[in-house]
Trainee: 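Questions regarding the structure given below will be posed in turn.
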Amino acid sequence: MKINREILTTAGILIIIAVTPLIFHENSYTMHLLIMSMIWAVAATAWDLLLGYGGIFNLAQVGFFAIGAYATGMASIHLGISPWMGLLLGAVASGLAGVLIGLPCLRLKGIYVALMTLAFFEVIGPLIVVGINLGTGGKAGLFPIPPFRLGSYVFNTDELLPWYYLCLILLAICLFITYKLIHSMLGLSFTALRDSEPFAQSLGINRFKSALVVTAIAAAMTGLIGAFYAHYVVVISPRMLGLDMFLFLLIMIIFGGAARFPGPVIGAFVITFLDDMLRPLDSYRLLAFGALMVIMIMLLPNGLMGLVAKINIPLFGKRDTEAEMLNPDIPKTY
Amino acid sequence: MSLNDLIEILISGITIGLVYFLIAVGFSLIYGVSRVLHLSYGSFFTWGAYLAWIFAVKLNFNYFWVFVLVCPILYIMGMALERFVVRPLRKRDNFDFNVLLAGLGVALFLDYAAQAFFGARTKSLPSLLDGTIQIHDFVFSYQQLTMLAAAVVIAFALWFFLEKTRQGLALGAVAQDPVGARIVGVSLNKVYLLTFGISTILAGSAGILLAPRFFISPLGGWKFLIKALIIVVAGGLGSIRGTLYSAFLLGILEALVGWLFGLLWVMPFWFLALLLILLIKPHGLLGSTADH
């Protein structure tokens, strides 16, 4: 594996996350925020795969998160399966849902995908509410989702450290998959489709197939972390399908930099902590986030990572000027 | 289900369909003319209702004056959005992507601005007109009839504008071929401004018409944005007649499903209907295949 800026930044982030508990492990609130940041980081990175790298406006991503959460929640409460299997089940269920939604949606183009997936996203909530007889818990939510067990040790809310490192492992796995995917043949053809579809197709890339595979992978990663989330917060309800999370994930992607791996991870941490700091502002907080989102798009369309890419910091690896010269579009496009 | 029930369902479906048409047509118009997927559209629906609330409840104007006062404000809001957010983005790469996300940001801003100013609790508007009228076996409320009449008037005004005025024809020309329209001397920027202004009026007035029936809440516009999306996609993006048909179709479906199973099932059925329509006609009822 060639060492480059992306790997160095990602490794740096992961190491910082890994050592942070040395300072904060007694402050359970900060630990909680860090865990939530990691959860959002995975969801945002997976979404960015489609949105940023693929240019596919899949707006149903939060729905996959909910599907993963409900899959493990329902299975571990009603069928009594182990939460570890639940993680897998969440990923598989979401991946399958991704394929099911992708089949009709991805045959469509551009804006139609956004419309269809947004419509789908809006339908999941009502479906959970009306499906109360199937054990979804309805409007009130699903409760209590059992915690993970390791031998005789049961994960509990008093000790966040095991949760923290489990989440870090999941984050690392997802970031590794994402990195590998972006630089694989599949990822490259996926990005080529975004930049010039006719050209990519003339090279023999099957638009539908590669879009479907990437959608399934992104959905599975989102489902996996959704399943973790369900066990971590114990209660899940259709409220998670509200607008807040949907918009927050988008802000994280924009803030960190769309198609600027690992930008969305940085975005997730910054926005989660910023959100917490602005909590005293109450409803003005979301107003401010809306304004921030518009301002970022207008002034800094490539986000923080776009800014970092412009500066030549030796620590972050050599700037890939050769690639930029060969393809002047690199810094401009997503 | 008796015949009378059926007629009642049809009438209520047509009324609601006509108001949905007003919401959806503005959205369709913006996409058709300027190729913007306008995700803050629902917030203008909400703001129309809130502005009407200020004038009708706080300042005690009657509905005629409410419309006269609110429409120019909405028009200016729509134009400001085009001028200060959409136009700068138009000059850059990835217009589709950026404008979509910027639209979400604007929606977030407007919705929570509404919450900050008006509070999170729902507000209600007085009905347009009180009282009921009986024709044969059917009882109509004046509210329903004025809603129907107002929607017909607005829809007719829109038709007149688009088909009979120079400005409206310019709008149609840009929708068909922006380059061609420029060649014959149509200013694209002016047309975009006009489109955003008019669509915002359509969204806002639909908000005013529906507010007495539903409650006004800061995030209430999203439900109607989604409905507008489904109607527009089912009818064919950019096709106004297709939007009209699908609005009536889905309006009647809503009345029927609401009567049979309850309102909670409306959205799943709408989605099913959309899937069916797109399976048979991938570009919607009247969408052209040339559209992207």
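The basis for the numbers below is simple: all heavy atoms, side chains too, and nothing from hydrogens, waters or symmetry mates. So that the names make sense, note that chain A is the first sequence line, chain B the second, and so on, each numbered from 1.
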Trainee: With a 4.5 angstrom heavy-atom cut-off, is it the side chain or the backbone of Ile251(A) that approaches chain B, or both, or neither?
Mentor: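 Interface part for Ile251(A): side chain.
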Trainee: Could you tell me which portion of Phe121(A) (side chain, backbone, both or neither) has an atom closer than 4.5 angstrom to a non-hydrogen atom of chain B?
Mentor: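 Neither the backbone nor the side chain of Phe121(A) comes within 4.5 Å of chain B.
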Trainee: Below 4.5 Å from any heavy atom of chain B, which atoms of Leu247(A) appear? Answer side chain, backbone, both or neither.
Mentor: side chain
Trainee: Under 3.5 Å, is there a donor-acceptor pair between the Trp222(B) and Asp111(B) side chains?
Mentor: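 Judged by distance alone, the side chains do pair up.
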Trainee: Who among Ile295(A), Leu292(A), Leu118(A), Leu286(A) has the most heavy-atom pairs with chain B under 4.5 Å?
Mentor: Leu286(A)
Trainee: Can you say whether Trp270(B) sits under 4.5 Å from chain A via the side chain, the backbone, both, or neither, judging by heavy atoms?
Mentor: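 Neither part.
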Trainee: How long is the straight-line distance from CZ of Phe248(A) back to CE of Met293(A), given to the nearest 0.5 Å?
Mentor: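 That separation rounds to 10.5 Å.
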Trainee: Once you round to the nearest 0.5 Å, how far does CD of Glu197(A) lie from CZ of Arg207(A)?
Mentor: 4.5 Å
Trainee: Between chain A and each of Leu225(B), Val99(B), Val85(B), count heavy-atom pairs under 4.5 Å; write down the option with the most.
Mentor: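 Answer, by heavy-atom pair count under 4.5 Å with chain A: Val85(B).
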Trainee: Using non-hydrogen atoms and a 4.5 Å limit, figure out which bit of Phe84(B) sits close to chain A: side chain, backbone, both or neither.
Mentor: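 For Phe84(B), backbone heavy atoms alone lie under 4.5 Å from chain A.
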Trainee: Counting only non-hydrogen atoms closer than 4.5 Å, does Leu89(B) touch chain A with its backbone (N, CA, C, O), its side chain (CB onward), both, or neither?
Mentor: side chain
Trainee: Non-hydrogen atoms of chain A under 4.5 Å away: do they reach the side chain of Leu278(B), the backbone, both or neither?
Mentor: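 Contact with chain A: side chain only.
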Trainee: Under the 3.5 angstrom rule, does the side chain of Arg285(A) hit a backbone N or O of Leu281(A) as a donor-acceptor pair?
Mentor: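 The answer is no, because no donor-acceptor pair under 3.5 Å joins these two groups.
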Trainee: Taking all heavy atoms of Ile23(B) and all of Ala206(B), pick out the closest pair and write down the distance.
Mentor: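 Ile23(B) and Ala206(B) have their closest heavy atoms at CG1-CB, 3.3 Å.
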Trainee: Give the ring-plane orientation class for Trp47(B) versus Phe118(B), where under 30° counts as parallel, over 60° as perpendicular and anything between as tilted.
Mentor: perpendicular
Trainee: Over all heavy atoms of both residues, which pair between Leu250(B) and Ala234(B) is shortest? Give the atoms and the distance, please.
Mentor: CD1-CB, 4.4 Å
Trainee: Measuring heavy-atom distances to chain A, does Leu101(B) have an atom under 4.5 Å in its side chain, in its backbone, in both, or in neither?
Mentor: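 Both parts, backbone and side chain.
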Trainee: Between Leu250(A), Leu127(A), Leu287(A), which shows the greatest number of heavy-atom pairs under 4.5 Å with chain B?
Mentor: Leu287(A)
Trainee: Just how far is it from atom CG of Leu278(A) to atom CZ of Phe289(A), taken to the nearest 0.5 Å?
Mentor: 5.5 Å
